[in-house]
2 protein chains.
Amino acid sequence: MSPQPGDFTIGEAARASGVKVTTVRFYESRGLLPAPPRSEGNRRLYAQSHVDRLRFIRHARELGFALEDVATLLSLSDEPDQSCAAVDAIARAQRAEVTRRIARLEALGVELDRMIATCAGGTVGECRVIESLSDHAHCAADHPGPAPM
Amino acid sequence: MSPQPGDFTIGEAARASGVKVTTVRFYESRGLLPAPPRSEGNRRLYAQSHVDRLRFIRHARELGFALEDVATLLSLSDEPDQSCAAVDAIARAQRAEVTRRIARLEALGVELDRMIATCAGGTVGECRVIESLSDHAHCAADHPGPAPM
DNA sequence: GCTTGCTCCTACAGTGACTGTAGATGGCAT
DNA sequence: ATGCCATCTACAGTCACTGTAGGAGCAAGC
Ligand SMILES: [Zn+2]
Ligand SMILES: [Zn+2]
Ligand SMILES: [Zn+2]
Ligand SMILES: [Zn+2]
């Protein structure tokens, strides 16, 4: 395929969508972006629809959706006559996840603040931050597990 | 080395510290936990000090410190005569990071709520959630980048 | 003594969502 | 023709683990 007016190189598609060149190729490898036709010199030739799709992916990723969810949302958006209940469910699940993460981080913030406030600025041997880390019994809330943050 | 009373197998150390067996070995491979002596049958034999160290690591991880920071905190705690300024700095940086993450997630939550509220429950073609994802211009705040969440 | 069943061993691959690197071409401008 | 950036493929690295395969150790029950 020879380059047409209106085609984008991968660099142009990257700039137009705000997705990095390497990430565009990565999305293709993950099946989120269809493999475009190539030029005679084997370069990818993107159309506007690819750029639109990249912007969709970017926005969804910025909102924290996992690539798997992005893939589902993309395949749903390709079938406009279906019910949007599945779309809604994914968005609500993401909202709930965001809420959980915030609660988690608020609790960490409180405990970190308590720890930091006890530090009197002396030696490590006297430092209550180290002590707090050593002694789990000092902490008010239970920790659900290693922080995914 | 033959097992002594007071020694822990890796499984016992794991239960006593709340760190999984595989994760204990992983921490050893990362240099966070010193390699313990072995039994005649090549099993790791931990002392109470190892269990204490594991509990320290676990608590620091629960507070979201990266393993590299945990390693620094551990090496600082091994030198009790030094100033605790470095400890304080790491804790404050972690606190700041938690604050940033919360702010980020609050913004995502607001945008997700707006998106979800516009969904009227019709078809995908009419769904404003998909539309919001497609059209970046509809969103109020700038996104700093893909969400690390 | 023998089998069952749990724990433990090493070594390596996989996760998610990319990022970085190496070495080889493509293609445009001077 | 020369320089230089963009692009190509393929693979390793990131982080903090988790999971798997294929053995070996060890206590208890028979
Ligand atoms: Zn201190
Ligand atoms: Zn705590
Ligand atoms: Zn909808
Ligand atoms: Zn937005």
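Letters A, B, ... are given to chains in the order of the sequence lines, protein chains preceding strands, and every chain is numbered from 1. Because only heavy atoms are used, hydrogens play no part in the values below, and waters and symmetry mates are left out as well, while side chains stay in.
Between the side chain of Arg55(B) and the main chain of Ala16(B), a donor-acceptor pair closer than 3.5 Å is present.
In the set dA17(C), dC8(C), dT10(C), dA17(C) carries the atom at the smallest distance from any side-chain atom of Ala66(A). Of the listed nucleotides (dA16(D), dC26(D), dA17(C)), dA16(D) has the atom at the smallest distance from the side chain of Phe26(B). In the set dC8(D), dG26(C), dC8(C), dC8(C) carries the atom at the smallest distance from any side-chain atom of Thr9(B). Among the nucleotides dT9(D), dT18(D), dT7(D), the one closest to any side-chain atom of Thr23(B) is dT18(D). Distances from the side chain of Leu67(A) to the nucleotides dC17(D), dA17(C), dC8(D) place dA17(C) closest.
Here Arg30(B) does not reach the OP1 or OP2 of dA16(D): none of its side-chain N or O atoms lies under 4.0 Å away. Between Lys20(A) and dT19(C), a side-chain N or O to OP1/OP2 separation shorter than 4.0 Å is present. Under 4.0 angstrom from either OP1 or OP2 of dT9(D) there lies at least one side-chain N or O belonging to Arg44(A). Side-chain nitrogen and oxygen atoms of Arg61(A) include at least one within less than 4.0 Å of the OP1 or OP2 phosphate oxygen of dC18(C). The side chain of Arg25(A) places an N or O atom within less than 4.0 Å of a non-bridging phosphate oxygen (OP1 or OP2) of dC8(D).
Atom-to-atom, CG of Asn42(B) to P of dC26(D) comes out at 10 Å; the value is rounded to the nearest Å. Between the CG atom of Leu45(A) and the C1' atom of dG27(C) there is a distance of 13 Å, given to the nearest Å. For the pair Tyr46(A) OH and dT7(D) P, the interatomic distance rounds to 10 Å; values are reported in whole Å. The CD-P distance, from Glu12(B) to dC6(C), rounds to 17 Å in whole Å. Note: CZ (Phe8(A)) to C1' (dA6(D)) measures 17 Å, nearest angstrom. Look at CD1 on Ile10(B): it is 15 Å from C1' on dA24(D), rounded to the nearest Å. Protein atom CZ of Phe65(B) is 13 Å distant from nucleotide atom P of dA16(D), rounded to whole Å. A straight line from CD of Glu68(B) to C1' of dG13(D) spans 15 Å, rounded to a whole angstrom.
Under 3.5 Å, the side chains of Glu28(A) and His50(A) contain no donor-acceptor pair of N or O atoms.
The pair Glu12(A)-Arg15(A) fails the salt-bridge criterion, with no side-chain N (NZ, NE, NH1 or NH2) lying under 4.0 Å from an Asp/Glu carboxylate O. Between Arg53(A) and Asp78(A) there is a salt bridge, since a side-chain N of the basic residue sits under 4.0 Å from a carboxylate O of the acidic one.
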Steps toward side chain to side chain contact (heavy atoms under 4.5 Å, CB included) verdict (Thr99(A), Arg95(A)): CA-CA 6 Å; Thr99(A) 304; Arg95(A) 199 345 169 178; 2.9 Å; yes
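Toward the 5′ end of DNA chain D lies the nearest nucleotide of Gly41(A), the other residue of the pair Thr22(B) and Gly41(A) mapping further downstream.
Contact annotation for Tyr27(A): backbone-only contact, meaning every heavy-atom pair under 4.0 Å involves sugar-phosphate atoms and none involves a base.
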